Amino acid sequence: MSQTASTAPGVPDANRWRALVFIALAQLMVVLDATIVNIALPSAQQDLGISDGNRQWVVTAYALAFGGLLLFGGRIADLWGRKRAFVIGLTGFAAASALGGAATTGAMMFGARALQGVFGAMLAPAALSLLAVMFTDAKERAKAFGIYGAIAGGGGAVGFILGGVLTEYLDWRWTFFVNIPFAVVAALGAYFVIREPEGGRNRSPLDIPGVVLSTLGLVSLVYGFTRAESDGWGDSTTVSLFVASAVFLLAFVITEAKVKAPLLPLRVVTDRNRGGIYLSLGIAIIAMFGTFLFLTYYLQVIKGYSPIKTGFAFLPMIAGMMVGSTQIGTRLMTRVPARLLMGPGFLVAASGMLLLTQLEIGSSYASTVLPSMLLLGLGMGTAFMPAMSLATLGVEPRDAGVASAMVNTSQQVGGAIGTALLNTIAASATTSYIKDHIATATSKPQQQLVQMEGMVHGYTNAIWFAVGMLVLAAVIVVTFVNAGRPDSGPVASGEGVEDEVAVPVVAH
């Protein structure tokens, strides 16, 4: 690292806004990757001869590595320095993407996806914690997290569009290769522009038992939900994975309470504000991820949209997120307590979900899907922005990376749970509907109609569950998050800051 790689504590970095561009670019790449590959999956499966039974590993290999190693990645950022972890994460992610784009076999593809997950787990917490330690003024911080929150929320939907365009007009391999220019620009920009504040490192020895137990616990949990989706909740392997996850995570908590330099200091999660944020975010993501999936299938299978048209159909949600995050959230965050943004935000998103429960085969995009997407985006954007910033409330600089990793972990685990849980609810409701109505369908067109009605019935049943999840997230926020209105002056940093103080303290 160059000698100009750090700034004195408490002095705002002159390059912080330019640094935000490169941090946001890296975040966009990671979030895009989560959805862009899904669009390309059918083409990649055919080209590489991947069986139907194994195709899930293109998604699962990434999710397991990313979700399982996030806490470790956050701790590495605190130990090595966030700038260094950020640049290494970007470089590794680009190399893994090149490997995925050049894959000639299924195994090579699965390996590349796992490697992407490993480097993503280092990159994501480093990016968020860099923001937390570079923006120390409450108003500036609100703007920076507004931009970051909009990208974190809306980037996935952009992936649908980009994935559709690249797959339809070029080749599925470009859904991997497109990461390389993103990563190169972000890494070079970060190397020359980012100056990390001094004094924020955590040089304690690495908690190896904590790393092993947390990784095994999170991998078992994520894989358990993936298995539940494909093999059922009663499958012996599924049940064993959930039991193993509970044992590993319990052992992890006991270990962290006893060791001298824990991987996840329990003070990071036991604070009522941060705990409430992590829990409510995870639950809200359960609702969002499942709904993304159903809307994609509804538009493509029921309404006959092409992949590109489906991607563009998600644009109103992105617009809503941008407005909610950069306009409503940013403008109000320094004026009202965070719970008065997050709670109503989740409820507005729930009202958008509520509209989607009225979906039928003949529903028009303009009257049902469009307004629901706008409300969903507006609500989630408004809620995500203060959540990203508040998750850093009162955290000491030495815990910045691992606390940032907890935000990503709650989102990643929430996404895995959401996809599996809501898919299972939908499939069960669809099967039940078809069984009850197929007898009255005498001709083939009538039988096809019943099957389509059954699919939509399944989606709406699962979306009702998602509405409940968002209402629950709002209740958790109002119950736990009690941080007041942040001051508009510089944010304090360092040790000894009380967790209950209403000023977002530097470092995630």
Side-chain angles (χ1 to χ4, degrees), residues 26-38 40-41 56-77 85-86 88-100 109-129 151-153 155-156 159 175-176 179 182-183 186 211-227 229 241 245 248-249 252 263-264 278 281-282 285-286 288-289 292 388 401-420 508:
Q27 172 66 11
L28 179 62
M29 180 188 73
V30 172
V31 177
L32 276 177
D33 194 73
T35 50
I36 198 171
V37 172
N38 289 341
L41 186 53
Q56 60 155 333
W57 282 102
V58 176
V59 176
T60 305
Y62 177 84
L64 291 182
F66 189 70
L69 292 170
L70 270 167
L71 283 176
F72 181 45
R75 180 67 182 83
I76 287 292
F86 184 72
I88 292 171
L90 278 167
T91 309
F93 199 90
S97 297
L99 190 65
M109 168 65 78
F110 305 149
R113 289 291 284 159
L115 265 181
Q116 278 186 311
V118 169
F119 287 105
M122 182 186 291
L123 172 61
L128 190 53
S129 57
I151 289 169
T175 60
F176 285 90
N179 289 332
F182 274 104
V211 170
V212 173
L213 290 169
S214 69
T215 303
L216 289 173
L218 289 170
V219 164
S220 301
L221 184 65
V222 173
Y223 189 37
F225 277 101
T226 307
R227 283 279 308 198
E229 189 184 348
L241 284 164
S245 172
F248 286 133
L249 291 176
F252 172 67
L263 173 69
L264 174 63
Y278 298 146
L281 265 186
I285 291 287
I286 289 175
M288 271 193 77
F289 265 58
F292 274 178
M388 293 287 185
V402 78
S404 297
M406 274 304 298
V407 175
N408 290 288
T409 301
S410 66
Q411 289 177 307
Q412 189 66 25
V413 172
I417 293 170
T419 307
H508 186 155

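Since the structure is predicted, the reported quantities are computational estimates derived from the model, not experimental observations.
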**Student:** Go through the structure and list residues passing side-chain hydrogen bond (donor to acceptor under 3.5 Å, both in side chains) with Ser214, not counting sequence neighbours.
**Tutor:** none
**Student:** What distance do Leu71 atom CG and Thr215 atom OG1 have between them, rounded to the nearest 0.5 Å?
**Tutor:** 8.0 Å
**Student:** Starting at CZ of Phe93, measure out to CD of Gln116 and round the result to the nearest 0.5 Å.
**Tutor:** 4.5 Å
**Student:** Please list, chain by chain and in numerical order, all residues satisfying side chain to side chain contact (heavy atoms under 4.5 Å, CB included) with Leu216, sequence neighbours excluded.
**Tutor:** Val212, Phe248
**Student:** Leu218 and Leu249: which non-hydrogen atoms are nearest, and at how many Å?
**Tutor:** N-CD2, 4.2 Å
**Student:** Find the distance between CD1 (Ile76) and CD1 (Ile88) and round it off to the nearest 0.5 Å.
**Tutor:** 9.0 Å
**Student:** How far apart are the closest heavy atoms of Pro125 and Gly73, and which atoms are they?
**Tutor:** CG-C, 4.0 Å
**Student:** Check whether any side-chain heavy atom of Leu123 lies under 4.5 Å from a side-chain heavy atom of Gln27, and answer yes or no.
**Tutor:** no
**Student:** Which residue pairs pass the salt bridge (Lys or Arg N to Asp or Glu O under 4.0 Å) test when at least one of the two sits in residues 113-127, sequence neighbours left out?
**Tutor:** Asp33-Arg113
**Student:** I'd like to check the side chain to side chain contact (heavy atoms under 4.5 Å, CB included) partners of Ala85; sequence neighbours left out, ordered by chain and number.
**Tutor:** Ala77, Met122, Ala126
**Student:** Does the side chain of Val211 come within less than 4.5 Å of Arg75's, by heavy atoms?
**Tutor:** no
**Student:** Listed by chain and number, what are the side chain to side chain contact (heavy atoms under 4.5 Å, CB included) partners of Ile286, not counting sequence neighbours?
**Tutor:** Ile417, Met469
**Student:** Check whether Ser245 reaches the backbone of Ser220 with its side chain - one donor and one acceptor, N or O, closer than 3.5 Å.
**Tutor:** no
**Student:** Enumerate, atom names and distances included, each donor-acceptor pair closer than 3.5 Å involving a side-chain atom of residues 62-70, sequence neighbours excluded.
**Tutor:**
none

**Student:** Rounded to the nearest 0.5 Å, what's the gap from CG on Leu264 to CZ on Phe252? Could you check?
**Tutor:** 4.5 Å
**Student:** Roughly how far, to the nearest 0.5 Å, is CG of Leu90 from CZ of Phe119?
**Tutor:** 11.0 Å
